Amino acid sequence: MMDLFSEIEEPEREELKNLRKELEEANYKYYVLNMPTLSDREFDEKMHRLQALEAMFPDMFDPKSPTQHVGSDLGVTGNGLRVTGNKFETVKHKYPMLSLANSYSREEIEDWVRKLPAGVEIVCELKFDGLSISLWYEHGVLTRALTRGDGVQGDDVIANIKTIPSIPWRIDRTDIPDFFELRGEVLLPWERFEALNKEREEEEEPLFANPRNAASGTLKLQDPKEVARRGLEAYLYYMLGENLPGTTHYERLETAKQWGFHISDAIKVCHNVDEVMAYIAYWDTERKNLPVATDGIVLKVNDLAQQEELGFTAKTPRWAIAYKFPAEKQLTLFKEITYQVGRTGVVTPVANLEPVQLSGTIVQRATLHNEDFIKSLDIRPGDRVWVEKGGEIIPKIVGRADRNDEMSATTSLNDGMMYSFPDVCPECGAKLVRVEGEAAWRCPNEAGCPPQIKGKIEHFVSRKAMNIDGLGEETIDLFYQKGLLHNIADIYDLKLEDIASQERLGEKSAQNILDGIEASKNVPWARVLFALGIRMVGETTAKKIARKYNTIDALQWATAEQLCAIEDVGPQIAENIVKYFEDIRNLEILDRLRKAGLQMEGEAEPEPTSDKLAGLSIVISGTFSHHSRDEYKAMIEENGGKNVGSVSKKTSFILAGENMGPEKRKKAEDLGIRLMTEDEFLELVNGNL
Ligand code: IVH
């Protein structure tokens, strides 16, 4: 009898388990990623069904079930930040995460192959240059995503890993083992890396040196939404576990591919060193066209029985070895320093070098960063320096060879020639200034220094700013030389005949430029503000400022103190804005831009009707019966308050509705922050308190 019952019950137990998984995923996507996958109605229906099934099978009670936690935003604040104390769970690896022995030449590969059984098959793969990750699948569900850590235990970064679209959260198949692990590499593709750095440059945030660092920084973020936005990728290359299918490594990767995992197509089974070397030669060139960074190839014994026999040393497997592509770093002769002035006036020292071949291009100039770097390197003419081309577009000097080294040039040139940073701008002769706390020297002559003038115009026409097609760097330089462009307002005085009469520019391209200029007159106010190129006012900051100050006149009269009240605007940015409007030359330019018809006004944010909530930071949490959340947000702003997303010690009070998130409630209690009911709030705002 019992058996018969459990057979009948089985599909429903299965349904119960599946519903839990599905609702957990839906919660995660809704609360953490802000990308809902189910409508509210679908969610509720599924939740009710799960509750009914759980009532039917009390033996399947699970405190972790989605039916058991209120609001389901456990561990996540209102703006998606996890509040687990800035830490990830540390978990012991099921199998230690080892590294690989490196090799650099055919000889070293031959040495390794010699120690393998005769006739062995070798799988060649790309060596991805990111961070290793270990994915655990239990009963088909992704349950852990561990970083390498110290090789014995790693951090569980599953919330961030789940933002990678190519990583399955669940494998719906019956032919998979109860447990298996897939290891691979997490990377930030070149394109995303460059976009991220560009964004950081605009916001004047420190840049990532290469995609690997960027991926590493991203994987450790506590905000999966931001991780999702940055766009990580992963390639998987190693399956572990018990009762796994197949007898060769290659077969296992093929199987993993069929199960839906992202496996590189570059994998090849080789039978001798010649074939391996051909693979290396091919990919050493071809890797430049890949979307992600690679730093070598990995050679693995294909047969799993042979792998087992070969085993491991303390640190690395004997059945695999890495071959590293020739270092993208070269030693070359340093000749002299020249100084380059950028758009914002920063003066960058550039090393002029004896031309050297580096990752497919000839390098003869490399950055020396700033004065402090030059001092610490103690570089002198005739030195030999290491130049490196990492992820960055601009090569950089990373070190100097020892002067006594036989590789170094004669020391006769080196005597006493220390460099001192110039005190005037190499482009316009203005006296340089060094802002306290900054490593850079700047030319303050914004309006008269040629690279700053041209740089400002380039920024103004760029895609995220006024987006004027046809006006590229070269054209701007040409127009500047010809006296047609001296500042951004001159753009709107350009005439068809001025442009078309320039060499290289016919009537058609001249008309294109003019069309682009005309179209830019519809660019919204926030982007116009960004386009002005006020120092440290990046795209996002400009948006926030434009929302608060919806006309340029309002902004012009704002004091530094008032500007600081805007989210993201600190004293430095505020001062830059105030200074910008103090400069009469800027005011003249703005006047001309206004007359040209640019959008100097935008949507107004509701004016506060009272100052009842002035200076207060208010968090809204839970669900309400009298008004919607948006209405409460508007009410806060209309009364001069600020609606903020997460609870901190700066929070004045929480407008608390029904079902307030437990984390928020706890945090509020810990910090002693008042919870105000909906009625109390309405009385505060509407009553005569
Ligand atoms: S196999 C026990 N295959 O390189 C060997 N590793 O320097 C497991 N890597 O820790 C690693 N691409 O993070 C393997 N196709 C590939 C790889 C690869 C990159 C990384 C991995 C490893 C490191 C060793």
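Note that ligands are numbered from 1 as they come in the structure, with each ligand's atoms numbered from 1 the same way. Since we're looking at a predicted model, the values are computed, not measured.
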Task: Proximity to ligand 1 by part of V298, non-hydrogen separation under 4.0 Å - done: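 Under 4.0 Å from ligand 1, V298 contributes side-chain atoms alone.
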
- [ ] Give the contacting part of E125 toward ligand 1: side chain, backbone, both or neither, where contact means a heavy-atom distance below 4.0 Å.
- [x] side chain

Please tabulate, for side-chain N and O atoms in residues 294-308, each donor-acceptor pair with protein atoms closer than 3.5 Å (sequence neighbours left out).
{"from": "K300", "atom 1": "NZ", "to": "E125", "atom 2": "OE1", "distance (Å)": "2.8"}
{"from": "K300", "atom 1": "NZ", "to": "E125", "atom 2": "OE2", "distance (Å)": "3.2"}
{"from": "K300", "atom 1": "NZ", "to": "Y237", "atom 2": "O", "distance (Å)": "3.0"}
{"from": "N302", "atom 1": "OD1", "to": "H249", "atom 2": "N", "distance (Å)": "3.2"}
{"from": "N302", "atom 1": "OD1", "to": "Y250", "atom 2": "N", "distance (Å)": "2.9"}
{"from": "N302", "atom 1": "ND2", "to": "E121", "atom 2": "OE1", "distance (Å)": "3.0"}
{"from": "D303", "atom 1": "OD1", "to": "A305", "atom 2": "N", "distance (Å)": "2.8"}
{"from": "D303", "atom 1": "OD1", "to": "Q306", "atom 2": "N", "distance (Å)": "3.0"}
{"from": "Q307", "atom 1": "NE2", "to": "V301", "atom 2": "O", "distance (Å)": "2.8"}

Is there a polar contact, in the sense of an N or O pair closer than 3.5 Å, between [X] and ligand 1?
| X | value |
| --- | --- |
| P317 | no |
| K300 | yes |
| S99 | no |
| F312 | no |
| E185 | yes |

Residue and atom name of the nearest protein heavy atom (relative to [atom]), distance in Å to one decimal:
| atom | value |
| --- | --- |
| atom 12 (N) of ligand 1 | F128 N, 3.0 Å |
| atom 7 (O) of ligand 1 | K127 NZ, 3.2 Å |
| atom 24 (C) of ligand 1 | L100 N, 3.7 Å |
| atom 11 (C) of ligand 1 | Y237 CE1, 4.0 Å |
| atom 8 (C) of ligand 1 | Y238 CD2, 4.0 Å |

Task: Within 6.0 Å of CG in D175, more than 12 heavy atoms from elsewhere - done: yes

TODO: Report yes or no: do E251 and T247 form a side-chain donor-acceptor pair below 3.5 Å?
DONE: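 A pair is found: one side chain offers a donor N or O, the other an acceptor, under 3.5 Å apart.
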
Open item on the list: Can a side-chain donor-acceptor contact be found between T143 and E138 if the only test is distance below 3.5 angstrom?
Closed with: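 There is such a pair (donor and acceptor under 3.5 Å, judged by atom type) between the side chains of E138 and T143.
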
- [ ] Indicate, with yes or no, if the rings of W386 and F334 have centres closer together than 6.0 Å.
- [x]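 Not under 6.0 Å, so no.
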
- [ ] Taking the six-membered ring for Trp and the full ring for Phe, Tyr or His, determine whether the centres of Y104 and W112 are under 6.0 Å apart.
- [x] no

Open item on the list: Tell me whether R183 reaches ligand 1 (any heavy atom closer than 4.0 angstrom to a ligand atom).
Closed with: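 No, that is not the case, since the closest heavy atom of the residue is not under 4.0 Å from the ligand.
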
- [ ] Could you tell me if any non-hydrogen atom of L126 lies under 4.0 Å from any atom of ligand 1?
- [x] yes

Task: Mutual orientation of the aromatic rings belonging to F312 and W319 [parallel < 30°, tilted 30-60°, perpendicular > 60°] - done: perpendicular

- [ ] Would you please name every residue forming a side-chain contact (heavy atoms from CB on, under 4.5 Å) with E181, sequence neighbours left out?
- [x]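 Per chain and number, E181 pairs via side-chain contact (heavy atoms from CB on, under 4.5 Å) with K94, Y95, S134, W136, F179, R183, L240.
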
Task: Ligand-residue contact atoms, ligand 1 with L98, heavy atoms, under 4.0 Å - done: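 Under 4.0 Å from L98, ligand 1 has these atoms: 10 (O).
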
- [ ] Please identify which atoms of ligand 1 are closer than 4.0 Å to at least one heavy atom of R148.
- [x] 10 (O), 22 (C)

Open item on the list: If the threshold is 4.0 Å, N to carboxylate O, is there a salt bridge linking D111 and R106?
Closed with: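 A salt bridge is absent here (no side-chain N lies under 4.0 Å from a carboxylate O).
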
Task: Point-to-point distance, once rounded to the nearest 0.5 Å, from CD of Q153 to CZ of R148 - done: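 The CD atom of Q153 sits 14.0 Å away from the CZ atom of R148.
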
